[in-house]
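Letters A, B, ... mirror the listed sequences (proteins, then strands); counts begin at 1.
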Number of protein chains: 2
Amino acid sequence: MLSKKSQYAFKALAYLAIKYNQGPVLISEIAKKKKIPLKFLENILLELKKAGILDSKKGKGGGYFLNKSPEKVKMATVIRLINGPIAMLPCVSLYFYERCKNCDEKHCGLHDMMLEVRDATLNIVENRTLKDLIV
Amino acid sequence: MLSKKSQYAFKALAYLAIKYNQGPVLISEIAKKKKIPLKFLENILLELKKAGILDSKKGKGGGYFLNKSPEKVKMATVIRLINGPIAMLPCVSLYFYERCKNCDEKHCGLHDMMLEVRDATLNIVENRTLKDLIV
DNA sequence: AAAATAGCCTACCAAGACGATAGACTATTT
DNA sequence: AAATAGTCTATCGTCTTGGTAGGCTATTTT
């Protein structure tokens, strides 16, 4: 399951995607429109900024805005950043890989199955972007 | 990510699948062979029994055993039981559905995308069984 | 320069989930 | 009766999650 934080992140990003190229948007505006706790949203947006997805401007007329066009931000990137691994097991994760203890990956039915699941999932989230959040 | 509990469950079930129709297997034997904390495994097996996947026998010569043949126990069933929802969002879950607050499911890009992911995942885990764990 | 604006940073907290353990109880077999 | 082996209830420490508080810093306006 995606954490609430991830859901907030996607709501905020969807909002910023709609407002792309229209200048900075206040955290408070996003929080209000998307009904996200303000201070919690601050943390999320800052994290997205540090990852290079968003940028910000301080002072009057400041706020947050997308650092690149919506179709260039992959869903997979955001999920990994805010939610963590996409795979169901560490031993089949690309970005959070960890070797299985007491289990030979070459002969593990669970491993094989979870690898399939991962690929099926990646096939979707690696090929969808913030643009697809706008309907 | 699958919880450690789920991974233990699958290891235990894989072991019992191999020993299908060979009589009851001791918890302690499974715990030792699969390196699972004994008391933790007790809980897991009991849960699987209450769900009808396993059955047990007390006293000498007792132990746990599969209640039906391995190919009749779907992976999806076990995941839902031990790990919880398979979907990434409550609003696209079949067995743990919850309506989205502040979001119209009919016009939500995230919803649509997560529905795709769910279907891709279900397509695998609904069509694989404990039999596929044995390699 | 001062005031106002708005993001940045550090810290903290409550509740719940997770992984694991302890011990007594019950049913079955020898 | 004794031994065996699953069942039940309870507890526990640690980590994660969701959320809050308050001060700091950079920028803009007056």
Atom-pair distance ([atom1] on [X]; [atom2] on [N]), nearest Å:
X: A/K35; N: D/dG19; atom1: NZ; atom2: C1'; result: 19 Å
X: B/F65; N: D/dA5; atom1: CZ; atom2: P; result: 15 Å
X: B/K5; N: C/dT21; atom1: NZ; atom2: C1'; result: 14 Å
X: B/M1; N: C/dC18; atom1: CE; atom2: P; result: 14 Å
X: A/K50; N: C/dT10; atom1: NZ; atom2: P; result: 7 Å
X: B/K11; N: C/dG19; atom1: NZ; atom2: C1'; result: 15 Å
X: B/E29; N: D/dT4; atom1: CD; atom2: P; result: 16 Å
X: B/N83; N: C/dC18; atom1: CG; atom2: C1'; result: 11 Å

Check against side-chain contact (heavy atoms from CB on, under 4.5 Å), B/I86 and B/S93: CA-CA 7 Å; B/I86 288 169; B/S93 174; over 6 Å; no
Salt bridge (Lys or Arg N to Asp or Glu O under 4.0 Å) between A/E42 and A/K39, intermediate numbers included: CA-CA 5 Å; A/E42 270 187 26; A/K39 295 297 275 180; 3.4 Å; yes
Nucleotide of [options] approaching [X] most closely (side-chain heavy atoms):
X: A/F40; options: C/dA20, D/dG22, D/dG18; answer: D/dG18
X: A/E42; options: D/dG19, D/dG6, C/dC9; answer: C/dC9
X: B/L26; options: D/dA5, C/dG7, D/dT9; answer: D/dA5

Base, sugar-phosphate or nothing for [X]? Non-hydrogen atoms, less than 4.0 Å.
X: A/K4; result: sugar-phosphate
X: B/L38; result: nothing
X: A/L45; result: nothing

Mind listing the side-chain donor-acceptor pairs of residues 74-85 of chain B below 3.5 Å, one per line with the distance, residues two or more places apart or on another chain?
residue: B/K74; atom: NZ; partner: B/E126; partner atom: OE1; Å: 3.1
residue: B/R80; atom: NH1; partner: B/E126; partner atom: OE2; Å: 3.2
residue: B/R80; atom: NH2; partner: B/E126; partner atom: OE2; Å: 3.0
residue: B/N83; atom: OD1; partner: B/S3; partner atom: N; Å: 2.7
residue: B/N83; atom: OD1; partner: B/S3; partner atom: OG; Å: 3.2
residue: B/N83; atom: OD1; partner: B/S6; partner atom: OG; Å: 2.7

Exceeds 12 heavy-atom contacts within 6.0 angstrom, atom NZ of A/K131: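 Not more than 12 within 6.0 Å, no.
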B/Y95 OH: over 12 foreign heavy atoms closer than 6.0 Å: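 Atom OH in B/Y95 is not crowded, with 12 or fewer foreign heavy atoms closer than 6.0 Å.
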Residues touching DNA chain D, which here means a heavy atom under 4.0 Å, drawn from residues 54-63 of chain A: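 When residues 54-63 of chain A is checked for heavy atoms under 4.0 Å from DNA chain D, the hits, listed by number, are A/K57, A/K58, A/G59, A/K60.
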Pair B/E47 + B/K5: basic N to acidic O under 4.0 Å: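 Looking at B/E47 and B/K5, the cut-off is met.
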Distance below 4.0 Å between A/K49 side-chain N/O and C/dC9 OP1 or OP2: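 Indeed not, no polar side-chain atom of A/K49 lies that close.
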Short side-chain N/O contact to C/dA20 OP1/OP2 from B/Y8, under 4.0 Å: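 B/Y8 to C/dA20 OP1/OP2: side-chain N or O found under 4.0 Å.
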Aromatic ring proximity A/Y20/A/F65, centre distance under 6.0 Å: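 No, the ring centres sit 6.0 Å or more apart.
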